[in-house]
Structures are given as structure tokens and as C-alpha cells.
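Values reported hereafter were calculated over all heavy atoms of this structure, with side chains retained and with hydrogens, waters and symmetry mates removed. In this chain, residues are counted from 1 in sequence order.
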Amino acid sequence: MRNPNSLKQEFLKKWIKGLQICSATKKKMSIMERKKAIKLSADIAMASTRKSTIYWSHALMKNASKDDTNKIIIKNILGSNDDNNNNFNKASMGIYNSMSQNGIIRSKKIIKKSCKISRRARKNISPSIIAKKMVEKRTKVLKSLVPGGEYMDDASLIKETLDYIISLRVQVDVMRHLANNASCEINDPKTNL
């Protein structure tokens with residue numbers, strides 16, 4: 001596993017680069033546009049710091065690249081190396097194609113099983129069935145929280161969720177540190193950080 005400090009440094013560099021690109025594309029932004037730019041650049045920076053085998057980072061990049069202006073920001077953050085961008089895009093397309101095909105087959109099986117359960121008498125519901133349904137509901141919620149989670153199986157979902165939590169924690173730490181330094185500078189402008 002990577003050193004958290006190097007991950008934080010890489011995230012900070014890419015996030016600041018993304019913010020600079022966003023501010024250069026549009027000079028006067030409303031509050032909502034600024035919020036969107038901050039979130040977009042943070043998401044892209046966070047996803048680009050992860051390994052290319054991580055599904056949620058591909059899902060974030062894919063969602064962000066739906067808009068043409070976002071594609072420019074993504075390209076600049078990832079660097080001008082077209083080979084890296086092509087490899088990232090090819091890998092993410094292959095992952096999504098295989099995951100969506102498996103997801104369709106899996107969802108058909110789930111629908112068939114749920115129809116069979118609903119036909120049975122509901123009088124004899126055991127605690128194990130209730131527990132299983134609770135796990136299924138919580139898994140469904142987790143899949144909606146992790147980018148690309150709807151295409152993952154349960155084992156991959158756990159691994160991806162852990163990695164996503166680590167990345168979110170890094171993002172929060174960097175942003176909190178930056179906000180603390182900015183507030184110290186505003187309160188006491190004579191001190192140099």
C-alpha cells in the first residue's frame with residue numbers, strides 16, 4: 001500500500017492543477033459553478049491518483065467525461081501523454097463491458113429468484129431470511145454510494161469500498177489542512193506558512 005503522505009501530495013498537486021484549469025476556462029463563476037468546479041477537480045484528482053485497476057476511479061472519470069469541458073480538464077490533469085489517456089479509456093471500457101454483461105445475467109437470476117420467493121407462503125419467514133434481506137438492502141445502498149458499484153459483485157464491492165474510503169479520507173485531510181492554513185493566514189497575515 002502506498003504511503004498516505006505521497007498520496008496526499010499527489011492528490012493536492014492534481015487538485016490544484018484542476019482548480020487552476022477550471023478558473024482559467026471561466027473567469028466569473030457563480031457560487032454553484034465554483035462548487036461544481038471544486039468537486040469536479042477533486043473527483044478527477046482523487047480518481048487519477050489511484051491504480052488503473054480500481055473500478056470506482058474509472059466510474060468517476062467516465063461520469064466526469066460526459067461533458068466536453070470536463071474532458072479538457074481531465075486531459076490536462078492526467079497529462080498530455082495520449083498513451084496514458086488511451087490506456088485508461090481502453091481499460092475502463094473493457095471493465096464496463098464485462099461488468100455490464102455479467103450484471104445483466106446476474107440481475108435476471110435475481111429477478112427469477114425474487115419471483116419464486118414472492119409466490120411462496122410468507123407465513124414461515126425465518127430469521128435467516130430476514131437477515132439475508134437486510135444484507136441485500138444494505139449491499140444495494142452501498143452499491144449506490146460507490147462510483148461504479150452497481151456493476152460489481154459483492155467481493156469486489158467490499159474491496160472497492162475500502163479503497164474508496166481511503167481516497168475520500170485523503171481528500172478530506174488535504175482539504176481540511178488547506179482550509180486550516182487559509183484561516184490561519186486570514187487571521188494573522190504576518191505569519192508565513
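Here the shortest heavy-atom pairing between W15 and L178 reads CZ3-CD2, 3.4 Å. Across A64 and L40, no two heavy atoms sit closer than the pair CB-CD1, 3.7 Å. When every heavy atom of S57 is checked against every heavy atom of A47, the shortest pair comes out as CB-O, 3.4 Å.
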Query raised in the report: Between W56 and R50, does a side chain to side chain contact (heavy atoms under 4.5 Å, CB included) hold up when you go through it step by step?
Result: CA-CA 9 Å; W56 66 260; R50 304 311 298 158; 3.3 Å; yes
Please report the C-alpha distance between E10 and K14 in whole Å, then the side-chain angles of each, then the deciding distance to 0.1 Å, and finally whether the salt bridge (Lys or Arg N to Asp or Glu O under 4.0 Å) criterion is met. CA-CA 6 Å; E10 186 178 353; K14 291 183 178 187; 3.3 Å; yes
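Side chains of D153 and S156: a donor-acceptor N/O pair is present below 3.5 angstrom, by distance only. In this model, no donor atom of one side chain and acceptor atom of the other lie less than 3.5 Å apart for D173 and H177.
No side-chain heavy atom of H58 sits less than 4.5 Å from a side-chain heavy atom of I54. For the pair M61 and D43, the minimum side-chain heavy-atom distance is 4.5 Å or more. In this structure, the side chains of K75 and K71 stay at 4.5 Å or more apart for every pair of heavy atoms. Contact of the T139 side chain with the D154 side chain is registered, since non-hydrogen atoms from C-beta on lie closer than 4.5 Å.
In the hydrophobic cluster analysis, where Ile, Leu, Val, Met, Phe, Trp and Tyr join through side-chain heavy atoms closer than 4.5 angstrom, M29 is grouped apart from L19.
At distances below 3.5 Å, at least one donor-acceptor pair connects side-chain atoms of E160 with backbone N or O atoms of Y55.
Exactly one of D163, I165, V170 qualifies for a side chain to side chain contact (heavy atoms under 4.5 Å, CB included) with S167. That residue is D163.
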